[in-house]
Amino acid sequence: MPELPEVETIVRGLRPVLPGRRIREAQVLRNDLLRISSGAFRAGLQDRELLEVGRRGKNVVLTLSDSLRLVVNLGMTGRLLFLSGPPGEASSPHLGIKLSLSPPGALLYDDVRRFGHLLLLSEEAWREESARLGPEPLDPALTPEDFHALLSVSRSPVRSWLLDQTHLAGVGNIYANEALFRARLHPARPGHTVTPEESRALLEGLRRVLTDAIRARGTTLRDYRTASGGTGGYGVELEVYGRVGSACPRCKAPVRRIVFGNRSAFFCPRCQPEDR
DNA sequence: CATACGTCCTGCCAGC
DNA sequence: TGCTGGCAGGACGTAT
C-alpha cells in the first residue's frame, strides 16, 4: 500500500484544494469499503464542509464541519484522487466512493483489491482510534532512547516489529526493508537483541528513507498515485526492496529475499549479517 | 498479553 | 497462445 510517504504526498496534494469546499453529495459504489450502511455514510457527509487535511500513520484524516472525521485507509491498492472542475465522467473500473464538491470538484476513492476502508467518526471516536497507533516516526519528540525502549521489549523480528502499527505508525514493507539496509540490521533480528547504537542507526535510517521518499513523492510500484493522478519517483532509489539477486549498492553481494510473517524481506547478506 | 499465521480481493507476470 | 501458480505496498481475526 501507500505507506507513510505515499499518504503524506496525497495529503499535501489535497491540502491546497479541499479546505473551503463542501460535500454536495456522496455516492457509494462499493459497500464493503464501509463499516456502516451506505445510507448513513451518505447522510453523514451530505452538506458538510471540508476544513482540514491531515495524516496519522497511513491514514488520510479529513476534518469536516461539526468536528467529524473522514478517515481513509488505502489498504494495498487504494487511490484518493481530486478532480477539479465540474463532474466529468470520471469512471474507473474500481471506483468505490465519489464525493461531489462545491465549488465544483470531486474526491474519488478507487481501490482494485478493496483492502482499504473509509471511516466516518466523531472527534472522540477518532481520538480513540488514533490512540491505538504508535508514535509517528518523523515526530522529533520520538527520541532514539524512546525508540530503543519500545523495540527492546519485543521478541519479534525487527522487520515485523516495524510493520506493526501499534508500535510505530506509518511504516510498511518497502521502507522497513530499506531502513534496515541503511542501518545494516538483519530483518529477522529479534527486537530485544538490538543494541541502543543499532536502534539509533535504525531510527536515523528510517527517517532518512521516509523523508527522501516524501521528497520523491513516494514509490509507485504499480497502483499508487498522488492526489492528482501522478506517479511517485522513489522506486529508482530503492536499494534492496524487490531487488533479489542484484548487487548490493554498498558491497556488490547479491541481494537476498527471505519470507517470514507472510511477507518478503529483502537484505544484503554481507552488510546485514544475521549474527553479530 | 504477545506473537504467528491465514485470509480478504483482484490483477499481473513468469514459466511451462 | 493460453493456462497456472505465485506474488503484491495492509491489516484483521483467530489460534496458540
Side-chain angles (χ1 to χ4, degrees), chain A residues 1-11 29-35 55-60 71-80 92-96 109-119 129-130 132-134 137 149-181 187-193 206 209-210 212-214 216-226 230-245 256-266:
Chain A
M1 122 166 186
E3 305 184 28
L4 188 156
E6 289 75 33
V7 177
E8 180 63 26
T9 301
I10 290 169
V11 162
L29 294 93
R30 294 288 190 164
N31 256 312
D32 54 2
L33 297 169
L34 307 177
R35 294 173 185 176
R55 179 189 62 75
R56 176 80 172 97
K58 302 175 192 173
N59 300 284
V60 177
V71 180
V72 184
N73 183 299
L74 301 108
M76 289 273 233
T77 55
R79 293 176 180 175
L80 199 53
S92 132
H94 299 288
L95 183 60
Y109 181 73
D110 179 283
D111 191 344
V112 173
R113 292 172 73 181
R114 303 199 305 284
F115 285 178
H117 59 257
L118 292 86
L119 305 175
E129 281 293 310
S130 179
R132 296 166 47 187
L133 299 173
L150 294 170
L151 176 57
S152 62
V153 296
S154 172
R155 309 194 68 79
S156 294
V158 58
R159 199 285 313 264
S160 305
W161 186 88
L162 287 168
L163 296 188
D164 186 328
Q165 302 299 293
T166 68
H167 296 148
L168 204 61
V171 182
N173 205 29
I174 294 181
Y175 301 110
N177 281 284
E178 293 295 304
L180 287 163
F181 173 75
R189 275 279 297 284
H192 67 94
T193 71
L206 190 54
V209 133
L210 294 173
D212 287 352
I214 290 170
R217 306 172 64 75
T219 303
T220 296
L221 296 180
R222 171 168 302 155
D223 300 289
Y224 160 69
R225 290 296 180 284
T226 69
T231 55
Y234 196 70
V236 296
E237 297 182 52
L238 296 175
E239 300 194 284
V240 288
Y241 182 86
R243 305 185 53 84
V244 197
R256 285 189 53 196
R257 170 182 177 266
I258 57 176
V259 176
F260 58 92
N262 277 333
R263 320 286 298 270
S264 293
F266 301 91

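Numbered from 1 within each chain, the chains take letters A, B, ... in sequence-line order. Only heavy atoms go into these numbers, but all of them, side chains included; no hydrogens, no water, no symmetry mates. In this text, all values refer to a predicted model and were calculated from it rather than measured experimentally.
At a cut-off of 3.5 Å, with distance as the only test, no side-chain donor of A/Tyr234 or A/Glu6 sits close to an acceptor on the other residue. For A/Arg113 and A/Thr77, the side-chain atoms include no donor-acceptor pair closer than 3.5 Å.
When the ring-ring contact (aromatic ring centres under 6.0 Å, His included) test is applied to A/His167, the partners found at least two apart in sequence or on another chain are A/Trp161. For the side-chain hydrogen bond (donor to acceptor under 3.5 Å, both in side chains) test, residues two or more places apart in sequence or in another chain that qualify with A/Thr226 are A/Ser228. Checked against side-chain contact (heavy atoms from CB on, under 4.5 Å), A/Ala265 has the following partners two or more places apart in sequence or in another chain: A/Arg159, A/Asn177, A/Pro187, A/Ile258, A/Phe260. With sequence neighbours left out, the ring-ring contact (aromatic ring centres under 6.0 Å, His included) criterion links A/Tyr241 to A/Phe266. Checked against side-chain hydrogen bond (donor to acceptor under 3.5 Å, both in side chains), A/Arg79 has no partners two or more places apart in sequence or in another chain. Annotation: side-chain contact (heavy atoms from CB on, under 4.5 Å) contacts of A/Arg132 (sequence neighbours excluded): A/Glu129. Residues passing the side-chain hydrogen bond (donor to acceptor under 3.5 Å, both in side chains) test with A/Thr9: none are found, sequence neighbours excluded. By the side-chain contact (heavy atoms from CB on, under 4.5 Å) test, A/Thr231 pairs with A/Thr220, A/Arg225, sequence neighbours left out. Checked against side-chain hydrogen bond (donor to acceptor under 3.5 Å, both in side chains), A/Glu237 has no partners two or more places apart in sequence or in another chain.
Taking atom CD1 on A/Ile174 and atom C1' on C/dC7, their separation rounds to 14 Å, with Å as the unit. Between the CG atom of A/Leu151 and the P atom of B/dT3 there is a distance of 11 Å, rounded to whole Å. Rounding to whole angstrom units, CG of residue A/Leu33 and C1' of C/dG10 are separated by 14 Å. Rounded to whole angstrom, the span from the CG atom of A/Asp164 across to the P atom of B/dC1 amounts to 15 Å. Whole-Å rounding puts the A/Leu74 CG to C/dG10 P distance at 11 Å.
Rounded to whole Å, the separation between the P atoms of C/dC12 and B/dG11 comes to 24 Å. Of the P atoms belonging to C/dC3 and B/dC9, the separation is 24 Å, rounded to the nearest Å.
When each of A/Val209, A/Leu210, A/Thr219 is tested with A/Glu178 by the rule side-chain contact (heavy atoms from CB on, under 4.5 Å), just one qualifies, namely A/Val209.
If you check every strand for non-hydrogen atoms under 4.0 Å, A/Thr219 touches a base. Among the atoms of the strands shown, none is found under 4.0 Å from any heavy atom of A/Thr77. Among the atoms of the strands shown, none is found under 4.0 Å from any heavy atom of A/Phe260.
Between A/Val153 and A/Asp32, the residue anchored nearer the 5' end of DNA chain B, judged by the nucleotide with its closest heavy atom, is A/Val153.
For the OP1/OP2 pair of C/dA8 and a distance below 4.0 Å, the side-chain nitrogens and oxygens of A/Ser264 include at least one atom meeting the criterion.
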- Reading nucleotides 11-16 of chain C from 5' to 3' and marking B where a protein heavy atom lies under 4.0 Å of the base, S where only the sugar-phosphate is that close, and - otherwise, the string is S-----
- Can you give one letter per nucleotide of nucleotides 10-16 of chain B, 5' to 3': B if a protein heavy atom sits under 4.0 Å from the base, S if only from the sugar-phosphate, - if neither? BSS----
- Reading DNA chain B 5' to 3', what string of ( ), [ ], | and . shows its pairs, if Watson-Crick and G-U wobble pairs count only when both distances fall under 3.5 Å? .|||||||.|||||||
